[in-house]
Number of protein chains: 2
Amino acid sequence: MGEQEPKEIRVFAPATVANVASGYDVLGFAIDEPGDEVVVRYSDKPGLRITAITGDGGKLPKTVEGNTAGVSAQDLLRHLGKSDVGIEMEIHKKMPFGSGLGSSAASAVAGVYAVNVLLGEPLTKKQLLPFAMTGEASADGAYHADNVGPSLLGGIIVIRSNQELDISELPVPENLWAAVVHPDIEILTKVAREILPAEISISTATQQMGNLGGFICGLYEEDYSLIGRSLHDVIAEPFRQKLIPEFYKAKQEALSHGALGFSISGAGPSVFALCEGEKNAQKVASAIANVFNDNNLTNQIHVSRINQQGVHVVNN
Amino acid sequence: MGEQEPKEIRVFAPATVANVASGYDVLGFAIDEPGDEVVVRYSDKPGLRITAITGDGGKLPKTVEGNTAGVSAQDLLRHLGKSDVGIEMEIHKKMPFGSGLGSSAASAVAGVYAVNVLLGEPLTKKQLLPFAMTGEASADGAYHADNVGPSLLGGIIVIRSNQELDISELPVPENLWAAVVHPDIEILTKVAREILPAEISISTATQQMGNLGGFICGLYEEDYSLIGRSLHDVIAEPFRQKLIPEFYKAKQEALSHGALGFSISGAGPSVFALCEGEKNAQKVASAIANVFNDNNLTNQIHVSRINQQGVHVVNN
């Protein structure tokens with residue numbers, strides 16, 4: 001490694017809201033905060049090693065195979081034939097597990113992106129998608145790009161096919177803001193999946209399809225009213241709301257305070273509203289948080305524009 | 001009626017392709033030919049009367065309530081408080097019943113539009129949608145805008161909600177052509193509905209949603225490849241193909257001749273391909289027709305751009 005300059009790369013991968021009401025398993029968007037950080041540097045010892053993990057409450061093992069950042073990075077190194085390059089990795093979790101904000105996806109994205117930058121960016125961001133997917137699948141068991149995609153690329157993405165990893169970036173209306181509130185309970189993705197029925201009626205499916213179509217049109221046309229009319233989830237929300245205390249009260253408050261729409265972020269328990277403008281998003285976030293506060297449920301508020309940058313290098 | 005000038009209005013409402021592979025019950029587009037014509041003129045006898053029907057093989061009764069053109073026109077007249085105005089209507093069917101090309105929808109659209117024009121256009125085209133829907137529902141029993149919408153407005157439309165009649169017009173890439181082939185068999189919409197399962201797996205629904213999202217993006221981005229990758233129907237086609245002789249052979253021929261995608265038009269038996277350019281559409285249409293010809297199944301070919309005009313007045 002003698003000829004390589006010693007350097008350190010620190011990257012930030014944003015949290016993400018998957019499903020987005022009308023896009024169960026096919027839509028996701030990124031927000032500014034929270035997110036996970038990964039630091040990588042060259043080392044004289046060959047191979048990838050994880051030297052520190054913070055913010056995980058001691059839950060993650062320090063083996064490369066034991067967390068999504070290690071797995072995605074290792075998968076990239078293998079692909080590039082660079083498994084023997086000595087790399088140290090630190091993982092700084094800045095959001096809770098099981099929050100519905102794509103925690104494992106953010107780490108997977110941060111891990112693979114950090115290593116790619118360290119190596120001089122042999123691949124483009126979009127080319128990193130399959131490695132990040134492998135990383136997330138190691139924790140999640142499922143192979144979905146609805147968190148990994150937006151955490152990597154930023155913006156709002158629609159997934160034509162998870163199997164073929166065919167994803168498209170949708171336009172983001174300038175004044176579209178997200179109000180995300182995370183109540184302090186944990187929902188395991190496994191539980192959130194098992195609560196759904198195996199089958200739905202064709203009429204339920206076509207309702208969801210209509211709303212998905214309306215939502216995508218609304219983004220392209222910057223038609224906030226159409227976006228709002230389209231933010232309905234008839235597939236997952238009716239079942240998963242049971243896992244979130246006072247869900248419908250929070251929804252009612254969000255809508256009565258002017259949110260375009262409101263639903264569950266990913267598998268929950270985080271909830272999100274989309275709003276026109278920052279001021280409205282702040283007001284809606286407070287109204288949602290108040291419902292949780294009234295039930296002695298501590299929570300964190302995250303208000304931001306749709307994050308269009310995705311994973312990026314941050315200064316040390 | 002003395003002060004009204006005697007005049008006659010002749011309108012043409014185009015055939016339509018509903019479902020469009022990835023948009024079961026939520027997508028539809030119009031084609032140039034075939035289509036139905038309706039002629040209206042003032043009469044001294046009060047009320048709406050149907051004086052002639054051609055092209056129906058004697059199947060349609062001449063009562064106003066007996067066909068979709070009469071019902072939609074009557075519904076408009078009632079709404080405008082003009083049920084007593086004397087109007088004669090002729091209906092000229094130019095496409096077969098049960099063809100999957102929106103025959104009853106085209107008549108409903110032509111009927112209401114002709115009367116609206118005769119009365120000096122008190123309503124806009126889009127405002128005529130509910131009356132045309134009522135007309136089609138009188139024949140079809142179902143309340144879907146996927147044929148009525150594009151026959152009225154032209155172009156490609158997506159229906160956010162049939163119940164709320166919330167529809168959006170999608171952009172039409174300039175070089176997008178349709179190759180439609182109608183084999184001479186009749187499929188009753190009722191039979192085509194009953195052959196579908198009541199329920200589908202969530203994973204089937206999300207596949208279809210991904211393809212719908214990709215298709216709409218593809219239209220906005222004029223990305224013919226994405227349009228092609230998105231033209232898959234995993235909801236209706238696997239069941240309804242059984243009603244169409246040699247369906248998969250026709251599909252294979254269409255795709256191997258360069259079609260972007262191929263599926264069933266509405267409830268069938270007509271099939272359609274979307275193609276890039278007229279030349280390819282002609283080639284694809286011939287390849288499909290040859291499959292039917294080889295099975296001694298007579299058929300009609302309709303090749304056109306997506307019709308962006310919708311229903312319109314034609315010269316006598």
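Worth knowing before you read on, the calculation uses all heavy atoms, side chains too, and leaves out hydrogens, waters and symmetry mates. A note on names: the letters A, B, ... follow the listed sequences, proteins ahead of strands, and every chain is numbered from 1.
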message = Less than 4.5 Å to any heavy atom of chain B: does that hold for the side chain of A:Ile235, its backbone, both, or neither?
response = side chain

ask   = Under a 4.5 Å heavy-atom cutoff, which of B:Ser203, B:Ala198, B:Ser161 has the most pairs with chain A?
value = B:Ala198

request  = Examine distances only and state if a side-chain atom of A:Arg160 and a backbone atom of B:Arg229 form a donor-acceptor pair shorter than 3.5 Å.
outcome  = yes

key: Partner of B:Cys217 under side-chain contact (heavy atoms from CB on, under 4.5 Å), chosen from A:Leu219, A:Ile167, A:Leu170   = A:Leu170

ask   = To the nearest 0.5 Å, what is the distance between CG (B:Leu212) and CD1 (A:Ile216)?
value = 6.5 Å

remark   = Minimal heavy-atom distance between A:Glu221 and B:Tyr220, with the atoms involved, is OE2-OH, 2.5 Å

Chain B contact via A:Leu27 - which portion, at a heavy-atom distance below 4.5 Å = neither

Side-chain donor-acceptor pairs of residues 147-156 of chain B under 3.5 Å, sequence neighbours excluded:
from, atom 1, to, atom 2, distance (Å)
B:Asn147, ND2, B:Thr16, OG1, 2.9
B:Ser151, OG, B:Pro14, O, 2.9

task = Identify the two heavy atoms, one from A:Ala205 and one from B:Ile200, that lie closest to each other, and give their separation to 0.1 Å.
result = CB-CD1, 3.8 Å

ask   = CG/B:Asp25 to CD/A:Gln207 distance, rounded to the nearest 0.5 angstrom?
value = 11.0 Å

message = Looking at chain A, which one of B:Leu226, B:Asp223, B:Ile202 has the largest number of heavy-atom pairs inside 4.5 Å, strictly under?
response = B:Ile202

message = So for A:Ser22, is it side chain, backbone, both, or neither that comes closer than 4.5 Å to the heavy atoms of chain B?
response = backbone

note = Cut-off 4.5 Å, heavy atoms of chain B, and the answer for A:Asp166 is side chain

request  = Name the member of B:Ser201, B:Gly23, B:Pro171, B:Gly214 that forms the most heavy-atom pairs with chain A at distances under 4.5 Å.
outcome  = B:Ser201

